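Okay, so here's the structure we're looking at.
What you see is a predicted model; the values in this text were computed from it and never measured.
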Amino acid sequence: MPNASANALVPREAVRPGPIADIQKIAQHMARLNVAGLPRNYELFHEAIVGLNGGLAQDIAALGSQPQQAMLDELGLKYRLVGHCGLAGETSRNEASRLLREVAERLAEGLRHRDAFARACDTILKSVSSHEDQSLAAFIGELDYLSASLTSVSSAEMQIGARLADDIKRLETLERGISAMQAAAVADRITGLPNRIALNRVIADLYEREEGAAGSALVMVDVDNFTDLNDRYGTPAGNKLLKKLAGLFQKSVKKNDFVARTAADEFALLFSNVGMQDAMAIADRLRASVEDNLVFATSDKGDSGRLTISVGVALSTDAATPGQLQSNARVALLAAQSNPRQPVQAFGR
């Protein structure tokens, strides 16, 4: 169970506050801890407070008041938050640029050595050609100089080659790190599903295709009373339920469909080639599947816990833009949340 100081970061209201209340709460916690008002810090506290991330809340509380920015950034990377991954990605790109400049300098250094050796060869050739009566000792001396120059060039090129090989390894390591951070930026840390950023990209791509967004349905799902479940049974139990729910949703989609975790207790599913009737049937099956399969033990042996969801459905044919599609699905979801007797609602129907 989270400790008391960590719990201070986690909201306990049954109904999620609005965006303005969220911002005020985040600002208050940051001010109390003397945390700088940087965008990535707001993201960090948003994940802990609004995202109900108990583990992150505990880690922040453990830093005490006036935590160093470097420590906060380490937490952001640990929990793979987008802003911090972007910051690390920018640092990695700067490091890659620096390494490339060093590689260019090493290559230029190698060319300078080669040019110096070429000039030495040309000088000796001219000397031999213009002094036919040159003594053998003088000629051997010039050859010795040429040999020493060649040895110097070979040694320098070997050193440059070794340093270039090391630079290539460092660049490959940076590339892997940047790729990992890019992947983390669009993946949910707890469930492994794509996140809201990934969903936005998929929907945007849907509207950019030549055939447009016709025939797709966005289904938004909210886990009922998830804050209460998290508070009552603890963050680990809540995370376990989220993983089970993610697995259930993944089994419910086909190859060309898409599922993402978009908030602490919200998921979104995008189905292709469906009309409203089919989309509503899918939503009803999702709701029934969750209620039938996600049953968990409680302290009351006579009453096992049962997870329920509210579902909002919107069609792409009713939305001219990606934002409007998500807004329509949100309206339908809010209607479902406000009417427990009809937990599945369609926009405009």
Side-chain angles (χ1 to χ4, degrees), residues 1-30 32 42-61 75 79 81 188-191 193 195-196 219-249 260-269 286-287 290-291 293-300 303-312 329-341 343-345:
M1 293 293 292
N3 60 34
S5 56
N7 283 339
L9 287 169
V10 181
R12 310 185 75 87
E13 296 87 346
V15 178
R16 182 187 304 132
I20 295 178
D22 288 343
I23 293 173
Q24 291 175 340
K25 185 173 293 186
I26 291 168
Q28 289 171 358
H29 282 298
M30 291 176 61
R32 186 164 63 248
Y42 277 103
E43 180 189 21
L44 189 73
F45 279 76
H46 185 280
E47 174 67 14
I49 298 169
V50 182
L52 307 181
N53 192 326
L56 177 56
Q58 286 183 334
D59 286 343
I60 292 176
L75 288 182
Y79 287 89
L81 301 185
D188 175 55
R189 184 183 62 85
I190 294 174
T191 64
L193 291 176
N195 62 12
R196 181 179 293 279
V219 176
M220 280 192 175
V221 176
D222 180 87
V223 182
D224 297 331
N225 302 317
F226 184 72
T227 303
D228 288 344
L229 290 172
N230 226 33
D231 288 345
R232 186 175 181 183
Y233 302 111
T235 300
N239 290 345
K240 188 175 181 179
L241 284 174
L242 289 174
K243 291 177 182 178
K244 288 184 177 180
L245 195 57
L248 191 63
F249 288 156
R261 182 185 178 218
T262 54
D265 53 358
E266 285 185 4
F267 294 80
L269 299 93
L286 287 174
R287 181 194 58 78
V290 169
E291 293 185 5
N293 292 286
L294 289 184
V295 179
F296 53 94
T298 68
S299 56
D300 184 355
D303 179 28
S304 59
R306 189 177 298 274
L307 205 65
T308 62
I309 59 175
S310 299
V311 187
R330 173 70 57 189
V331 169
L333 176 60
L334 291 174
Q337 289 174 301
S338 64
N339 187 357
R341 292 185 178 182
V344 179
Q345 298 276 349

* To do: Supply the atom-to-atom distance Leu245 CG to Asp265 CG, rounded to the nearest 0.5 angstrom.
  => 10.5 Å
* Would you find a donor on one side and an acceptor on the other, under 3.5 Å apart, between the side chain of Asn225 and the backbone of Asp228? -> no
* Interatomic distance, Gln337 atom CD to Met220 atom CE [nearest 0.5 angstrom] -> 11.0 Å
* Asked: Rounded to the nearest 0.5 Å, how far apart are CG of Leu193 and CZ of Phe267?
  -> 6.5 Å
* Asked: Yes or no on side chain to side chain contact (heavy atoms under 4.5 Å, CB included) for Leu333 and Glu266, after CA distance, side-chain angles and deciding distance?
  -> CA-CA 10 Å; Leu333 176 60; Glu266 285 185 4; 4.1 Å; yes
* Just wondering, do Leu241 and Tyr233 contact through their side chains at under 4.5 Å, heavy atoms? -> no
* Leu334 and Val331, any side-chain heavy atoms less than 4.5 Å apart -> no
* Asked: Is there a donor-acceptor pair under 3.5 Å between the side chain of Arg341 and the backbone N or O of Pro343?
  -> no
* Give, for atom CG of Asp188 and atom OG1 of Thr262, the distance between the pair rounded to the nearest 0.5 Å. => 9.5 Å
* Atom CG in Leu56, atom CG in Leu75: separation rounded to 0.5 Å? -> 6.0 Å
* Check Leu286, Ile309, Thr308, Leu307 against Glu291 for a side-chain contact (heavy atoms from CB on, under 4.5 Å) and give me the one that passes. => Thr308
* Structure fact -> Shortest non-hydrogen pair, Ala246 vs Thr191, comes out as CB-CB, 3.7 Å
* Side-chain H-bond candidate by donor/acceptor type, Asp224 with Ser310, under 3.5 Å -> yes
* To do: Can you measure from CZ (Arg261) to CD1 (Ile190) and round to the nearest 0.5 angstrom?
  => 4.5 Å
* Asked: Do His29 and Ile60 come close enough that some side-chain heavy atom pair is under 4.5 Å?
  -> no
